[in-house]
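Here is the structure we will look at, set down as C-alpha cells.
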Amino acid sequence: MLNKLVLMSAVTLQMAAQDVAGRYAVEGIREMVSELNLKTDGTFEYAMIYGAADYHARGAWRKDAGFVTLTTAGPAPEPFRMLSSRANPEGDMRVRVMGLNGRGVANIDVMLIVADGEKRARTDSQGIAMFAPVAAGAVRFGVRVYQFESKPYPVDPKQNDFTFEINGKAITEVRFENEKLRIDGERLEMGFWNPSRPMTFRKH
C-alpha cells in the first residue's frame, strides 16, 4: 500500500510539472529578447539578448509550492587562466588575451595591480594590452558589454610579458542556483536580475 501511495504521489508531481513545462518569452522590456524553455524531461534552456550582450544557461528545473526552481548544470568555469609568462628584454609590459581558438581577443580591459594602485589599458585587435615598464603583482580583467570584472590573478613582478586565455562561457553563462520563479497562471516571474522589478515570462 505504501509503495502504491509513493508511486501515485510521484505521478501526481510529474503531471503537475507537465502543466508548467513549455516555452516562455519575456514581455514588456524594450530592446530585450529572452526565452525560457522548460522541457518535460526536467531540463531547461535559457537565453537572453540585451543590447550587445548575449546570455545563456542550461540545467535542471522542478516545480515546488507555486514556484519553478532553476539550477544551472555543472560547475562554474574559470573565466581566465594564465597560459605563459616571461621576461621580455624590450622592457614594456604586455598582457595578451587569447580566445579558446588561439586568436587574440580585442576590447578586454586589463588592470595591473601595482604598488600605488592600478594601471589600465585595453587589448587591441591582436589581443594585446601595452603598459609602460612597471612591476605588477596581479592582473584583473573586465568585459564592459557584460559589466564583468574578474578576480585578481597573481603574476610574477619580475616578469613583464603575460598571456592569458579567456573562456567566454564563464562570462556569458547565467549561473542559476536554486533560483525561484513565481508561477502566476501562464506567467513566470524572474527576480534574478533585479529582485525589486521581476521580469515576466509568458507561456506561448
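Atoms considered below: every heavy atom in the structure, side chains included; atoms not considered: hydrogens, waters and symmetry mates. Count residues from 1 along the sequence.
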Are Trp193 and Tyr50 close enough that their ring centres sit under 6.0 Å apart? no

Single-linkage hydrophobic cluster Val26~Tyr24, side-chain heavy atoms < 4.5 angstrom: yes

Starting at CZ of Phe201, measure out to CD of Glu27 and round the result to the nearest 0.5 Å. 10.0 Å

Do Leu100 and Val143 belong to the same hydrophobic cluster, where Ile, Leu, Val, Met, Phe, Trp and Tyr are linked whenever their side-chain heavy atoms lie under 4.5 Å apart, directly or via other members? no

Taken to the nearest 0.5 Å, the spacing of Arg81 CZ from Glu165 CD works out to 4.5 Å

Quick one: do Val105 and Ile171 end up in the same hydrophobic cluster if we chain Ile, Leu, Val, Met, Phe, Trp and Tyr together by side-chain heavy atoms under 4.5 Å apart? yes

Contact summary for Asn167 and Pro77, nearest pair of heavy atoms: ND2-CB, 3.8 Å

Regarding Arg96 and Asp161, does a basic nitrogen lie under 4.0 Å from an acidic carboxylate oxygen? yes

CD on Glu186 to CG on Asp19, rounded to 0.5 Å: 9.5 Å

Using a 3.5 Å distance criterion without hydrogens, assess whether the side chain of Thr123 forms a donor-acceptor pair with backbone atoms of Ile108. yes

Charged N to carboxylate O below 4.0 Å: is that the case for Glu78 and Lys151? yes

Between Ile128 and Phe131, is there shared hydrophobic-cluster membership here, with clusters defined by ILVMFWY side-chain heavy atoms closer than 4.5 Å? no

May I have the step-by-step check of side chain to side chain contact (heavy atoms under 4.5 Å, CB included) for Val155 and Met82, ending in yes or no? CA-CA 9 Å; Val155 296; Met82 184 184 291; 3.5 Å; yes

Separation between CZ (Arg86) and CZ (Phe162), nearest 0.5 Å, reads 11.0 Å

Can you confirm whether or not the ring centre of Phe164 sits under 6.0 Å from the ring centre of Phe80? no

Donor-acceptor contact below 3.5 Å, side chain Ser150 vs main chain Arg140: no

Check this for me: does any side-chain nitrogen of one of Arg175 and Glu177 sit under 4.0 Å from a carboxylate oxygen of the other? yes

Hey, what do you get for NZ (Lys203) to CG (Leu36), rounding to the nearest 0.5 Å? 11.0 Å

What's the verdict on side chain to side chain contact (heavy atoms under 4.5 Å, CB included) for Tyr146 and Asp54, showing C-alpha distance, side-chain angles and the deciding distance? CA-CA 8 Å; Tyr146 288 95; Asp54 188 347; 3.9 Å; yes

Donor-acceptor check, side chain of Thr43 to backbone of Lys39, threshold 3.5 angstrom: yes or no? no

Taking the side chain as every heavy atom from C-beta outward, state whether Thr200 and Leu188 have any pair of such atoms under 4.5 Å apart. no

Would the distance check show the side chain of Thr72 and the main-chain N or O of Ala57 forming a donor-acceptor pair, the cut-off being under 3.5 Å? no

Decide if atom CD of Gln126 counts as having more than 12 heavy atoms of other residues, nucleotides or ligands within a radius under 6.0 Å. no

Checking the side chain of Thr69 only, and the main-chain atoms of Glu179 only, is there a donor and an acceptor separated by less than 3.5 Å? no

Set out, in order, the CA-CA distance, both residues' side-chain angles and the distance that settles side chain to side chain contact (heavy atoms under 4.5 Å, CB included) for Val145 and Asn107, then state yes or no. CA-CA 10 Å; Val145 68; Asn107 300 318; over 6 Å; no

Answer yes if the ring centres of Phe176 and Tyr46 are under 6.0 angstrom apart, and no otherwise. yes

Test item: Asp124 side-chain N/O and Gly127 main-chain N/O as donor-acceptor pair under 3.5 Å: yes

Can you tell me how far apart CG (Leu70) and CZ (Phe44) are? Round to the nearest 0.5 Å. 5.0 Å

Quick one: are Arg144 and Asp109 in side-chain contact, heavy atoms under 4.5 Å? yes

Salt bridge (Lys or Arg N to Asp or Glu O under 4.0 Å) partner of Glu189, the single match among Arg202, Lys180, Arg197, Arg182: Arg182

Might you work through the side chain to side chain contact (heavy atoms under 4.5 Å, CB included) test for Leu181 and Trp61, ending with a clear yes or no? CA-CA 10 Å; Leu181 282 65; Trp61 71 276; over 6 Å; no

Within the distance-only criterion (no hydrogens, no angle test), does the side chain of Arg58 pair as donor or acceptor with the backbone N or O of Glu45 below 3.5 angstrom? no

